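Below, read A as the first sequence line, B as the second, and so on, with proteins coming before strands; counting in each chain starts at 1. This one's a predicted model, so the numbers in the text were calculated from it and none came from an experiment.
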Amino acid sequence: MNYWLMKSEPTTFSIDHLIHLPNSTDHWEGVRNYQARNFMRDNMRIGDQAFFYHSNCEVPGIVGIMDIVQESYPDFTAFDPLSNYYDPKSTPENPRWFMVSVHALQKFDKTLSLSELKTYPQLHEMVLLRPGNRLSVTPVSKKEWQFILALNTGSQS
DNA sequence: GCCAACGTTGGC
DNA sequence: GCCAACGTTGGC
């Protein structure tokens with residue numbers, strides 16, 4: 001099983017949005033970066049788990065946990081001229097962008113902030129924390145995953 | 001809202 | 001295939 005971190009701007013799509021959908025499940029739309037796409041398309045498997053990360057907001061950080069419930073399929077928002085994610089170069093015959101389906105497992109009581117994550121030497125190698133990293137989908141090592149989960153023991157909802 | 005870092009585009 | 005110009009991301 002692999003572990004991931006997936007970013008979303010909460011004003012666009014937050015963990016609360018996800019939790020309140022039927023089955024707390026939705027497609028993860030709008031990834032328009034090749035490296036992030038490749039992680040989703042080539043490496044994500046059903047049962048993998050991912051941190052839900054809020055970016056570009058007051059307190060950026062990890063806000064909960066998801067699991068992958070459907071492996072990659074074409075991101076249909078790319079086909080919709082009315083979508084913010086429309087890309088005329090992606091067609092149903094030859095899709096360029098892909099999405100997975102995610103399911104919320106848990107929301108943390110409190111955001112595990114980026115600034116706190118940066119204080120732990122155990123996390124210094126995290127892809128998220130690498131200088132200049134902007135990838136919206138990044139791998140998380142098993143050790144990093146377990147360390148972060150342990151930080152939240154006792155503060156889960 | 002600023003801006004550094006990075007990715008993409010497109011002329012040549 | 002180089003690389004300058006431009007657009008985007010996302011912390012601050």
S.K.: Starting at CD of A/Glu116 and ending at C1' of C/dG11, how long is that distance when rounded to a whole Å?
M.R.: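 Interatomic distance, CD of A/Glu116 to C1' of C/dG11: 17 Å.
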S.K.: Return the value, rounded to whole Å, for the distance between atom CG of A/Asn133 and atom C1' of B/dA4.
M.R.: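 Those two atoms, CG and C1', are 14 Å apart.
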S.K.: Would one find a side-chain N or O of A/Lys7 under 4.0 angstrom from OP1 or OP2 of C/dG11?
M.R.: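 Looking at the OP1 and OP2 atoms of C/dG11, neither is under 4.0 Å from any side-chain N or O of A/Lys7.
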S.K.: Return the value, rounded to whole Å, for the distance between atom CG of A/Leu135 and atom P of C/dT8.
M.R.: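 Those two atoms, CG and P, are 17 Å apart.
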S.K.: Please report the distance, rounded to the nearest Å, between CG in A/Leu129 and P in C/dG10.
M.R.: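 After rounding, the reported distance stands at 14 Å.
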S.K.: Rounded to whole Å, please give me the gap between CG in A/Asn33 and C1' in C/dG10.
M.R.: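 It works out to 14 Å between those atoms.
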S.K.: From C-beta outward on A/Arg134, which listed nucleotide comes closest to its side chain: C/dT9, B/dT9, C/dC12?
M.R.: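 From the listed options, C/dT9 comes nearest.
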S.K.: Hey, do the aromatic rings of A/Trp97 and A/Tyr85 have their centres closer than 6.0 Å?
M.R.: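 No; A/Tyr85 has its ring centre 6.0 Å or more from that of A/Trp97.
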S.K.: With respect to the phosphate group of C/dC12, does any side-chain polar atom (N or O) of A/Lys118 fall under 4.0 Å of OP1 or OP2?
M.R.: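 Looking at the OP1 and OP2 atoms of C/dC12, one of them is under 4.0 Å from a side-chain N or O of A/Lys118.
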S.K.: Return the value, rounded to whole Å, for the distance between atom NZ of A/Lys89 and atom C1' of B/dG7.
M.R.: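 Distance, rounded to whole Å: 13 Å.
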S.K.: Using a strict threshold of under 4.0 Å (side-chain N to carboxylate O), is an ion pair present between A/Arg32 and A/Asp75?
M.R.: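 A salt bridge links A/Asp75 with A/Arg32.
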S.K.: Out of A/Trp28, A/Tyr34, A/Trp4, which one pairs with A/Phe39 under the ring-ring contact (aromatic ring centres under 6.0 Å, His included) rule?
M.R.: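 Considering A/Trp28, A/Tyr34, A/Trp4, a ring-ring contact (aromatic ring centres under 6.0 Å, His included) with A/Phe39 is found only for A/Trp4.
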S.K.: Can you list, by residue number, the residues of residues 48-60 of chain A that have a non-hydrogen atom closer than 4.0 angstrom to DNA chain C?
M.R.: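 The answer is A/Tyr53, A/Ser55, A/Asn56, A/Pro60.
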